[in-house]
Chemist: 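Structure provided below as structure tokens; questions to follow.
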Amino acid sequence: MSRTPRIHCPDLPPAGGSATLAESASRHLLRVLRLGPGAELTVFDGCGREHAARLTGGTVRAATVAVLDAREPVPESPLTVRLLQGVGRGERMDLVIQKATELGVGSIVPVLSARSVVRLSGDRAARRRAHWQSVAIGACEQCGRATLPAIIEPCGLDEALAKLPADGPRLLPDPAAAAGLAGRPAPGPALTLLIGPEGGLDEAEIRAAGAAGFQRVRLGPRVLRTETAAIAAIALVQGLWGDLAV
């Protein structure tokens with residue numbers, strides 16, 4: 001059974017208007033999917049608005065669509081999950097961004113910690129952030145989500161901790177922790193997870209996280225890779241308090 005293609009359109013006009021799609025989306029529709037004028041689409045702005053649309057023409061660099069009736073988007077999770085993620089190498093970080101988006105995370109802060117293998121600054125940091133944003137867009141297009149997670153500028157752990165909103169519990173997965181998530185009180189509307197990089201957080205960073213209110217929680221007896229820990233933790237909290245069925 002075929003699916004109607006979903007395309008991110010940040011400058012989405014109201015019903016009755018027309019829009020020009022980005023080159024990457026245009027190329028995908030015209031070259032990869034080989035669609036032509038009249039093809040039905042779904043377009044969303046990344047902020048919760050979603051519309052039916054129809055391909056009207058254009059080129060592989062700038063396809064045009066007619067924006068039709070508004071659609072009710074897939075609802076966001078009642079639990080806002082903030083993810084502070086130690087920056088991993090290449091595909092590992094891409095995987096975390098992709099799966100965190102699919103699992104309904106509200107924001108992702110790429111954290112550069114003492115043991116981070118990847119070092120980012122200046123233009124390189126901006127390019128990586130733009131790349132991660134494109135990964136999140138692709139995940140939203142695939143999973144049916146109409147709201148993009150915020151991808152925050154990469155920063156050190158101290159800066160990430162200082163900028164955290166005050167609401168909601170703060171959890172740091174740790175296989176040596178005494179207790180898991182079961183039996184914890186419902187967190188309310190928001191929760192923050194901190195996941196270290198490939199080498200984990202060092203002792204000073206763990207102390208800083210503790211001083212900032214992070215509580216260690218046990219996900220299980222095994223030491224998980226950074227990308228596995230992030231995906232497992234998000235799935236568990238969304239299953240307990242969000243919108244994943246358990």
Side-chain angles (χ1 to χ4, degrees), residues 3 6 44 46 48 73-111 113 132-152 160 164-165 167-201 206 209 213-246:
R3 290 183 58 198
R6 299 184 75 255
F44 65 98
V74 172
E76 286 292 293
S77 173
L79 178 67
T80 297
V81 180
R82 307 182 191 102
L83 174 64
L84 273 59
Q85 173 66 45
V87 175
R89 285 181 292 223
E91 293 181 356
R92 291 186 178 183
M93 191 66 180
D94 287 2
L95 181 65
V96 171
I97 299 290
Q98 181 187 72
K99 300 311 175 188
T101 300
E102 292 177 15
L103 290 167
V105 161
S107 62
I108 302 169
V109 183
V111 174
S113 65
W132 293 327
Q133 191 72 53
S134 71
V135 172
I137 288 170
C140 281
E141 289 177 339
Q142 184 277 327
C143 75
R145 190 175 176 189
T147 301
L148 285 169
I151 310 293
I152 311 302
L164 269 181
D167 61 321
R170 302 174 177 188
L171 304 178
L172 173 61
D174 182 350
L181 292 169
R184 291 186 63 91
L191 176 150
T192 302
L193 294 169
L194 171 58
I195 308 292
E198 284 98 329
L201 301 173
I206 291 172
F214 278 85
Q215 299 174 311
R216 299 190 196 192
V217 292
R218 191 168 183 260
L219 301 184
R222 291 167 291 279
V223 177
L224 304 179
R225 293 180 183 271
T226 179
E227 65 273 25
T228 309
I231 295 166
I234 297 164
L236 285 169
V237 299
Q238 289 283 35
L240 285 169
W241 305 300
D243 61 357
L244 288 185
V246 293

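Residues take their numbers from the sequence shown, with the count starting at 1. The analysis underlying the following values was restricted to heavy atoms, covering all of them including side chains, and did not include hydrogens, waters or symmetry mates.
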Chemist: Going by atom type alone, with no hydrogens or angles, which donor-acceptor pairs under 3.5 Å involve a side-chain atom of residues 225-234 and a protein atom two or more places apart or on another chain?
Modeler:
| unit_1 | atom_1 | unit_2 | atom_2 | d |
| --- | --- | --- | --- | --- |
| T226 | OG1 | Q85 | NE2 | 2.8 |
| T226 | OG1 | G196 | O | 2.7 |

Chemist: Taking the side chain as everything from C-beta on, heavy atoms only, tell me whether V96 gets closer than 4.5 Å to I108.
Modeler: no
Chemist: Which heavy atom of P175 sits nearest to which heavy atom of R222, and what is that distance?
Modeler: CB-O, 3.9 Å
Chemist: Kindly say whether V109 contributes a backbone atom to a donor-acceptor pair with the side chain of R82 at under 3.5 angstrom?
Modeler: no
Chemist: With sequence neighbours left out, write down each residue that passes side-chain hydrogen bond (donor to acceptor under 3.5 Å, both in side chains) with T101, or none if nothing qualifies.
Modeler: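 Result, side-chain hydrogen bond (donor to acceptor under 3.5 Å, both in side chains) vs T101: none returned.
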Chemist: By side-chain hydrogen bond (donor to acceptor under 3.5 Å, both in side chains), which residues pair with S77, not counting sequence neighbours?
Modeler: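 Listed in chain order: Q238.
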Chemist: Please collect all salt bridge (charged side-chain N to carboxylate O under 4.0 Å, His left out) contacts where either partner lies in residues 135-146, sequence neighbours excluded, each pair once.
Modeler: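 Found E76-R145.
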Chemist: What are the two closest non-hydrogen atoms of A235 and L103, and how far apart are they?
Modeler: N-CD1, 4.2 Å
Chemist: If you compare all heavy atoms of P169 against all heavy atoms of A190, which two are closest, and at what distance to 0.1 Å?
Modeler: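 Minimum heavy-atom separation between P169 and A190: CD-O, 3.4 Å.
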Chemist: Determine which pairs satisfy salt bridge (charged side-chain N to carboxylate O under 4.0 Å, His left out) with at least one residue from residues 177-189, sequence neighbours left out, and list them in order.
Modeler: none
Chemist: Are T80 and P189 close enough that some pair of their side-chain heavy atoms sits under 4.5 Å apart?
Modeler: no
Chemist: Just jot down the side-chain contact (heavy atoms from CB on, under 4.5 Å) partners of P73, sequence neighbours excluded, or say none.
Modeler: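 Partners of P73 by the side-chain contact (heavy atoms from CB on, under 4.5 Å) criterion, ordered by chain and then number, come out as E50, A146.
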Chemist: List the residues meeting side-chain contact (heavy atoms from CB on, under 4.5 Å) with P221, not counting sequence neighbours, and say none if there are none.
Modeler: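 For P221, the residues satisfying side-chain contact (heavy atoms from CB on, under 4.5 Å) (neighbours in sequence not counted) are R218.
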Chemist: Residues in salt bridge (Lys or Arg N to Asp or Glu O under 4.0 Å) with D243, at least two apart?
Modeler: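 Salt bridge (Lys or Arg N to Asp or Glu O under 4.0 Å) list for D243, sorted by chain: empty.
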Chemist: Hey, could you give me the CZ/CD1 distance between F44 and I137, rounded to the nearest 0.5 Å?
Modeler: 7.5 Å
Chemist: Find out whether F214 and T192 are in side-chain contact, i.e. whether some heavy atom of one side chain is under 4.5 Å from a heavy atom of the other.
Modeler: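 Yes, their side chains come closer than 4.5 Å.
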Chemist: Nearest 0.5 angstrom please: L201 CG to S113 OG, how far?
Modeler: 5.5 Å
Chemist: Measure the shortest side-chain to side-chain distance between I151 and V135 over non-hydrogen atoms and say whether it is less than 4.5 angstrom.
Modeler: no
Chemist: Between L84 and A160, what is the shortest heavy-atom contact and its length?
Modeler: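 So the two residues come closest at CD2-CB, 4.0 Å.
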Chemist: Pairs in or reaching into residues 229-239: which pass salt bridge (charged side-chain N to carboxylate O under 4.0 Å, His left out), with residues at least two apart or in two chains?
Modeler: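 Passing the test, one end in residues 229-239: no pairs.
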Chemist: R92: what forms a side-chain hydrogen bond (donor to acceptor under 3.5 Å, both in side chains) with it, not counting sequence neighbours?
Modeler: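 R92 satisfies side-chain hydrogen bond (donor to acceptor under 3.5 Å, both in side chains) with no residue once adjacent residues are dropped.
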Chemist: If you take all heavy atoms of P187 and L79, which pair is closest and at what distance?
Modeler: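 The answer is CG-CD1, 3.8 Å.
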Chemist: Considering residues at least two apart in sequence or located in another chain, which fulfil the side-chain contact (heavy atoms from CB on, under 4.5 Å) criterion with D174?
Modeler: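 So D174 forms a side-chain contact (heavy atoms from CB on, under 4.5 Å) with A176, A177, R216.
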Chemist: Where do V87 and P197 come nearest, in terms of heavy atoms and distance?
Modeler: O-CB, 3.9 Å
Chemist: Between L181 and W241, is there a side-chain heavy-atom distance shorter than 4.5 Å?
Modeler: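 SC-SC contact between W241 and L181 confirmed.
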Chemist: Nearest 0.5 Å please: distance from the OG atom of S134 over to the CG atom of D94.
Modeler: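 Here the interatomic distance stands at 8.0 Å.
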Chemist: Considering residues at least two apart in sequence or located in another chain, which fulfil the salt bridge (Lys or Arg N to Asp or Glu O under 4.0 Å) criterion with R170?
Modeler: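 Salt bridge (Lys or Arg N to Asp or Glu O under 4.0 Å) list for R170, sorted by chain: empty.
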